[in-house]
Amino acid sequence: MKITKNELSRALKVLGKVVCQTSPVELYRSIRFVGDECGIRAMATDGVESVSVKLEAFADSAIDFCVPFKELKEEIRTTRSEFMELSGNYIAYPEPEEPASEVVPVVLPVNFGELLSQAAPIVDRSNFRRVLQGINLSSAGITVTDGKQLLHLPTPLSLTKEVTIPFPAALLAAKPSEMGTLRTWQDLFLLEIGNFKWYGKLLDGQYPNWRGVIPGAQALNYSITLDDPAAVIDWVKNIPSQKTTNGVELNVTPHGVTLVSCIQTEYQLSTAATVTGVTPRAVLTLDREILLRMLLQGYTTFKAHSDGLVPVIASGGDGQYIAMPIRTIKTNPNYKEENKMEHENTPVVEQTAPVANPLDELGTAIEEFKLKIKAMLDESAVLSRKVKEVALSQKQKERDFIQARRAIERIRMAI
């Protein structure tokens, strides 16, 4: 098979997201090339997911062989010619299960890949709940959350039930920009966009009720719209990034908004903004990473509650970005007591909160406890494996030391 270095590099960039280079199974750490003079595809699998892309390559006859991923990377690095000739060994490749004919394909929009790239940064790939490591798809659109923030991107999907796909690392690397289809059956899915094909298992588990997290319009009584978001982005980028609480205050002033870094209070920015609604009593404080991501994705309007006790809805981008503000006891210095008087004559409608069922709470607590125990057992297994690896490494060092000492003794005897 003949192929250019650039074409092979492009394919490996996508397939490398699936290849397991440390696997003892040769198939899982190799790239398969299959096809004939009419077309060639490259594919990779980790035993659960399978990804394939169509190549601009040439073959005189039918081919079906595998080459280790590392060997291909090394050959690209060392080959000086622009064209490469590839060959390898045949390895039995498990053919993915095809969906039944009655499975109706769901048409994906042209910008589906772009929408997933917006949602991907919010996915918590280390979350102990497996379902939160993926992206939820429903008839309402695309939804992701990590427990602290939630992004909902409305897009028409003719799905009869919600499904959660794994983190689309290969799709994000491929960056397809065409209309595609998605087929789901049992616990499997097949996604095809242009020359890209992705087969795998849906994530098991019930996705959180994200609709219940979005506050109603009556719960948000003021909004802030930044007039110069580019200046704010540059300012936020200069705030040092840290793992602990790293908040940014949005103080409403008569002239707009003053942003203050919680870790460097002397670092401030006064910028023009349009503020509507009541004057907030509590200062709106958002996490630095969340605020920066919102602004970079075009969300420049923040709807919040004046007491700062409910999630904030950011709008202006492709959907709704919901985030829980950092709770502080700092009040807005520009808040005036007469604001209370203006609303004293407004009738207050009392709402009775629904009484939680103790059995439901107990069941939820038990499930959470089970998940925590499972996560601890998984961590224990990882630590146990690492201890075994260290023990084996130590034994190897002892054997090397004994062999070296024997070699020195033989040298001495020879002298």
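Below, each value reflects all heavy atoms present in this structure, side chains not excepted, and no hydrogens, waters or symmetry copies.
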Strictly by side chain to side chain donor-acceptor pair (under 3.5 Å), give each pair with a member in residues 101-115 just once, sequence neighbours left out. none
Go through Arg183 and Glu192 one step at a time and tell me if the side-chain contact (heavy atoms from CB on, under 4.5 Å) criterion holds. CA-CA 9 Å; Arg183 293 178 174 87; Glu192 298 181 75; 3.3 Å; yes
At what distance, to the nearest 0.5 angstrom, does CZ of Arg281 lie from CG of Asp307? 4.0 Å
Could you measure the distance from the CD atom of Glu56 to the CG atom of Asn195? Nearest 0.5 Å is fine. 8.5 Å
Check against side-chain contact (heavy atoms from CB on, under 4.5 Å), Gln264 and Ile239: CA-CA 8 Å; Gln264 294 180 345; Ile239 300 176; 5.7 Å; no
Under 30°, 30 to 60°, or over 60°: which ring-plane class applies to Tyr267 and Trp235, parallel, tilted or perpendicular? parallel
Roughly how far, to the nearest 0.5 Å, is CG of Leu157 from CD of Glu162? 11.5 Å
Distance from Asp287 atom CG to Met294 atom CE, nearest 0.5 Å? 9.5 Å
With a distance cut-off below 6.0 Å to the six-membered ring centre and an angular limit of 45° from the axis, does Arg32 pair with Tyr93 as a cation-pi contact? yes
Measure the CD-CG distance between Glu71 and Leu86 for me, rounded to the nearest 0.5 Å. 10.5 Å
For the aromatic rings, using the six-membered ring if either is Trp, is the centroid distance between Phe65 and Tyr90 under 6.0 Å? no
For the CD1 atom of Ile135 and the OG1 atom of Thr143, what is their distance to the nearest 0.5 Å? 10.0 Å
Ser138: which residues meet the side-chain hydrogen bond (donor to acceptor under 3.5 Å, both in side chains) condition with it, sequence neighbours left out? none
